[in-house]
Number of protein chains: 2
Amino acid sequence: MQARTHVTLEDVARAADVSLATASRALNGMRVTPHLRERVLLAAERLAYTPNAHARALAGGAHRTVGVVCHDVSDPYFAAIAGGVMRVAADNDLLVMLASTFSDPEREIAYVSMLRAERAHAILLIGSGFEDLHWERALEAELKPYLDGRGRVAVISRHRSLRVDTVLPENRAGAAAMARAMLEMGHRRFAVLTGPPVLTTVADRLGGFRAELRKAGVKLAAADIVEGPFTRDGGYAAMTRLLDQGTRATCVFAVADVMAIGACAAVRDRGLSVPDDVSVAGFDDIPIVRDLTPPLTTVALPLQQLGERALELALTENPERRRRVLRMGGEVVVRASTAKLT
Amino acid sequence: MQARTHVTLEDVARAADVSLATASRALNGMRVTPHLRERVLLAAERLAYTPNAHARALAGGAHRTVGVVCHDVSDPYFAAIAGGVMRVAADNDLLVMLASTFSDPEREIAYVSMLRAERAHAILLIGSGFEDLHWERALEAELKPYLDGRGRVAVISRHRSLRVDTVLPENRAGAAAMARAMLEMGHRRFAVLTGPPVLTTVADRLGGFRAELRKAGVKLAAADIVEGPFTRDGGYAAMTRLLDQGTRATCVFAVADVMAIGACAAVRDRGLSVPDDVSVAGFDDIPIVRDLTPPLTTVALPLQQLGERALELALTENPERRRRVLRMGGEVVVRASTAKLT
DNA sequence: TACGCCCCTGAAAGCGCTTTCAGAAAGCGC
DNA sequence: GCGCTTTCTGAAAGCGCTTTCAGGGGCGTA
């Protein structure tokens, strides 16, 4: 698209018979005689002029672009968050560059590098956060110019040492609350369907749940923690394995709703019932879960708001240059996928 | 982010004690004495140099960026398509600029303009297509530089006159097939939950369904076509209205799965049963619908592939400069949300 | 009518990179 | 060892825009 096919400011200036400088000023709303301004605007309109964003950015003009990195836009969790980001972006006339890493840390770094090359105004990392200091160092190095500046990065997830503004879902507390809720409902035998443990999000949810059980003196056998990819099918497979090994759990906690959905399907496919034979709980409260049968008990996160707040955070100056942390969500929503044990 | 905080090629060249030109060549893999190349690469590494994508684009170098415009990323339909786009983008080292219009045609045009300003390699319009020639003219004007070039635009949806490469879901044929399937199951009284009629996608689905009924001599009363926003809640509200007005339909066809999901909820909330009291069918086959109870009968679209093919289309040269049209999907998948009428 | 001040316009520099164009260095044959 | 060709390197010219810096015109004041 770099062919001679684009109208330039010079073309407009010539058509309006003014200098380049004047044309630029007219287009950018600076003081120009109304008469000339009109001529320029008209010429621009007639020629269907679109300023070259690259030239503008290069010359130091405004360039309204933000970068967002997530695992997978097609996952309802990220889609919902992205929805919030998009809303704020639209309100601020920002163009969003979205990248899916498909959970590959290398790709995450590569994308951040590309966003840096694009000189994105702000960078948002959603659900990043790997339990890997080596990786975090690399990310930090990549993010350097942004970190030095005035806080134009925000993350949604916990990072071990990265000093950036954070919107933190209450993963640990939420999972703990879920454990408490299930204990109160009389459950004593649990199983957990977990995702890749290198993700801090997973670690926190699993950790919070376990800790609370331990506090209550309830054991969680290693065999009852089954790991799988962070997807519907991952949940299905994990639950199937659990069933295969003849688990005695009465309550299964999946660290993400999408996994819980798969788990429910697996239970049903065995001819068992949720919640009569086994209670299933999830995490996230993605929109669809209230329309399932039975509707899913889960830990609610205000997903759209997560995205909104994160972008707002990245967009507002941070004069004190201190890491701002916004904790959100974490309430247990009990629906019909979990039953009281009598 | 335009402060003096970024390392430039000049810095690298100086550090490596070579000229700018040599540094550029070394970094871009052109012929340079191995000895010098290594020095440059090392210097670049040490300084954490990231080329300025704007400068590069401006100077005519490669700039790997594509623009995607959709209604709302958080909608499962678009999310799934976007997933496909992301996959192909990742394979091609492309950065994706994603914009949500929230179904506002003005905003759609504004975004295309921004993408044009960014000199995006390719532009993808997903589910665009308004039944509004005035709008289409404006869009065409905005897209001009891309249309003149060698086919770097693709759309997923039908446009009336826009001459661009198209990945076309079989909306009309799919809806017709659904009508046939329902007729074969014995239904004779129908209702349709429809979206904004200005969307060609909606028009085609509604049109295909109606035409097939008419062909079979089955009437569809105007009162039995209820319109609502293209969302879960829109479907819920529409179905509620239908129920309120005492519809006698035995089968309700929603022009989108998300609406069908809302419709099912509305039916249940009335204490009625899907499919015993009323059959519900949708369109799209978004991933979640097979996990609903009952699983949703729908017209299947290979959503992810839609996105993949569209981007591939936009990325491949089109020497003959003819509009390429790829028709996809449209098979009826009968699940348990629809019942035979005896 | 003449002088000074202020605002507006135009020329030009530069943002960071790629690429052309010569010139320098190196390689070859005789 | 000389002169030619063949590489490879460095200087410089843009890419399209914003912005500084003077200069010029219009106006107010005496």
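Here is how names work: the chains are called A, B, and so on, in the same order as the sequence lines, proteins then strands, and each is numbered from 1.
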Starting from P on C:dG16, measure out to CD on A:Glu118 and report it in whole angstrom. 16 Å

What is the distance from NE2 of A:His63 to P of D:dG16, rounded to the nearest Å? 17 Å

Go ahead and write out DNA chain C as dot-bracket, 5' to 3': ( ) for pairs within the strand, [ ] for ones crossing earlier pairs, | when the partner sits on another strand, dots for unpaired; Watson-Crick or G-U wobble, both distances under 3.5 Å. ||||||||||||||||||||||||||||||

What is the distance from CZ of A:Arg56 to P of D:dC17, rounded to the nearest Å? 8 Å

Return no unless some side-chain N or O of A:Thr8 is found under 4.0 Å from OP1 or OP2 of D:dG16. no

Distance check: side-chain N/O of A:Thr33 vs OP1/OP2 of C:dT9, anything under 4.0 Å? yes

Establish, for the pair B:Arg87 and A:Phe102, whether the NZ or CZ atom is under 6.0 angstrom from the six-membered ring centre and no further than 45 degrees off its axis. yes

Starting at CZ of A:Arg14 and ending at C1' of C:dG10, how long is that distance when rounded to a whole Å? 15 Å

Between A:Ser128 and A:Glu108: side-chain donor-acceptor atoms closer than 3.5 Å: yes

Under 3.5 Å donor-acceptor, B:Glu136 side chain and B:Arg160 backbone: yes

Between C1' of C:dT18 and CZ of B:Arg31, the distance in whole Å: 19 Å

If the plane angle is over 60° it's perpendicular, under 30° parallel, otherwise tilted; pick one for A:His71 and A:Phe78. parallel

Spacing between B:Leu27 atom CG and C:dT18 atom C1', to the nearest angstrom: 12 Å

Rounding to an integer number of Å, can you tell me how far B:Arg116 CZ sits from D:dG16 P? 14 Å

May I ask you to decide if B:His121's main-chain N or O and B:His63's side chain share a donor-acceptor pair within less than 3.5 Å? no

Hey, does B:Leu143 have a side-chain heavy atom less than 4.5 Å from the side chain of B:Leu162? yes

Please lay out, stage by stage, how B:Leu311 and B:Asn92 fare under the test side chain to side chain contact (heavy atoms under 4.5 Å, CB included). CA-CA 10 Å; B:Leu311 183 48; B:Asn92 288 276; 5.9 Å; no

Show the distances under 3.5 angstrom between N or O atoms of the protein and N or O atoms of nucleotides 19-24 of chain C.
unit_1	atom_1	unit_2	atom_2	d
C:dT20	O4	B:Arg25	NH1	3.4

For B:Arg158, does its backbone N or O pair with a side-chain atom of B:Thr200 as donor and acceptor, under 3.5 Å? yes

Would you kindly give the CZ-to-P distance between A:Arg119 and C:dG16, to the nearest whole Å? 8 Å

Kindly state each residue pair satisfying salt bridge (charged side-chain N to carboxylate O under 4.0 Å, His left out) with at least one member in residues 13-37 of chain B, sequence neighbours excluded. B:Glu10-B:Arg14, B:Asp11-B:Arg14

